[in-house]
Amino acid sequence: MKYALAVYGAAGTGGQSSQTALSFARALLASGHEIIRVFFYQDGVHNASGLISPPQDEQNLPEQWQNLVKEHNIDAVVCIAAALRRGVVNAEEAQRYELPGSNLREGYELSGLGQLLEATVEADRFVTFGD
Amino acid sequence: MSQSICIISTQAPYRGQFAKEALDAALVSASYEIPTSLLLMGDGVYQVLEGQSPDQLGRKNIASMFQSLELYGIETVYIDGESLGERGIAPEQLLPLYTLLEGDAVASFLAQQDKVLSF
Amino acid sequence: MATLHTVNKTGQPLELCLRALNAGDSVLLLEEGVYALYEAGDVLSELLRHVAVHVLDADVLARGMTNRDNLDIDMIDYQGFVELTETNDKVVSWF
């Protein structure tokens, strides 16, 4: 079946939803399902930040997400409004808003909420991971 | 035939960006001509309490954002009656844009939806 | 249209979920929601009266918990979570 996921949390935002979503996504793929899109919204946008550096003896969730996205060629979309609000930007947005740098990880696309709604309707199943 | 989407909003209006981001999702959904409904439950019912003036918080008035729903064809906001009762709020204290769902009506309303987004 | 309800906290999310249930729905307690096992209050008993309730094993084990009160709750892994999303028509998340 086709799945779309929405992720609202990240390591450091208080909840566990990013980890849960990642484990669920792995289990989906292991069962032969297709993930048509992962949409990172609210605090979930921090998962796409390349500036998060947890201590060596802790897991690096943003890195694990990126590995999954790359390995399975997952359409990973980060809500642009939520990302700008929280300091997650690509080079283009950094230039537009004259910010001192950019941090969006490779493999992610900044886009609008339309991408969430479109995936919700297209997917057979839509699952929200709230924080 | 387009699927129906229900957006459930359960957080208080000025808690983070939950209320605003749920409203944004509802507006975008309706602008895609997806049959869209918005359901407020729990602390989410505080979002439509009349008389909000959040100027001193430096925040935009969440209640007034609800007024724009109509422009996108969302003519009513569904509200869980039990959540109002628990908070001692009378329906007259809310923006006049709602449909109350009492008792089992919440469950049967949700059963009719194709997809549900929670905030 | 059967629905899978995921609940990631006790308190408001669990209470709202109870109000949204229809016959044939399923509930999955995960993350902090698994504490419902030790808070076996009215809401959980009410849930158990109406629908099948599951808990996610990773979250139960992480917290050093067990189904000590022998509640009629089924412990599942992520594979089981995936299966619940297959057998239900949609998923509603309460958090």
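Each chain gets a letter, A, B and so on, in the order its sequence line appears, and its residues count up from 1. Since the structure is predicted, the reported quantities are computational estimates derived from the model, not experimental observations.
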Practice task
Return yes if some donor-acceptor pair links the side-chain N/O of S93(C) with the main-chain N/O of T128(A) below 3.5 Å, else return no.
Solution key: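 At least one qualifying donor-acceptor pair exists.
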
Practice task
Enter the distance from T6(C):OG1 to F129(A):CZ here, rounded to the nearest 0.5 Å.
Solution key: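 Those atoms lie 7.5 Å apart.
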
Handout entry: Nearest-0.5 Å distance that lies between atom CG in N8(C) and atom CD in Q16(A)
Key =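 With rounding to 0.5 Å, CG (N8(C)) is 8.5 Å from CD (Q16(A)).
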
Problem - Side chain, backbone, both or neither of F24(A) within contact of chain C (heavy atoms, under 4.5 Å) - result: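 Looking at F24(A), backbone and side chain both touch chain C.
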
Practice task
Residue by residue, scan residues 57-83 of chain C and write down, ordered by number, those that have a heavy-atom distance under 4.5 Å to chain A; if none do, write 'none'.
Solution key: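 At a heavy-atom separation under 4.5 Å, chain A is reached by D59(C), R63(C), Y78(C), Q79(C), F81(C), V82(C).
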
Handout entry: Sorted by number, residues from residues 49-56 of chain C in contact with chain A (heavy atoms, under 4.5 Å)
Key =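 Residues qualifying by a heavy atom under 4.5 Å from chain A are absent, so none.
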
Practice task
Output the option from V127(A), T20(A), L28(A) having the highest count of non-hydrogen pairs under 4.5 Å with chain C.
Solution key: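 Winner by heavy-atom pair count: T20(A).
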
Problem - Pick from S23(A), S17(A), G15(A), A30(A) with the largest number of heavy-atom pairs that fall under 4.5 Å of chain C - result: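 Of S23(A), S17(A), G15(A), A30(A), S23(A) has the most heavy-atom pairs under 4.5 Å with chain C.
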
Practice task
Could you check which of E32(C), E86(C), K9(C) has the highest count of heavy-atom pairs closer than 4.5 Å to chain A?
Solution key: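 Among the listed options, the one with the most contacts to chain A is E86(C).
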
Handout entry: Top contributor to chain A contacts, counting heavy-atom pairs under 4.5 Å, from D89(C), L30(C), L4(C)
Key =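 Looking at each option in turn, the highest pair count goes to D89(C).
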
Practice task
Answer yes or no: does atom CD of E58(A) have more than 12 heavy-atom neighbours from other residues, nucleotides or ligands under 6.0 Å?
Solution key: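 Yes, enclosed.
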
Practice task
Tell me, yes or no, whether the heavy-atom count around E109(A) atom CD, taken from other residues, nucleotides or ligands under 6.0 Å, exceeds 12.
Solution key: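 It does: E109(A) CD has more than 12 such atoms within range.
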
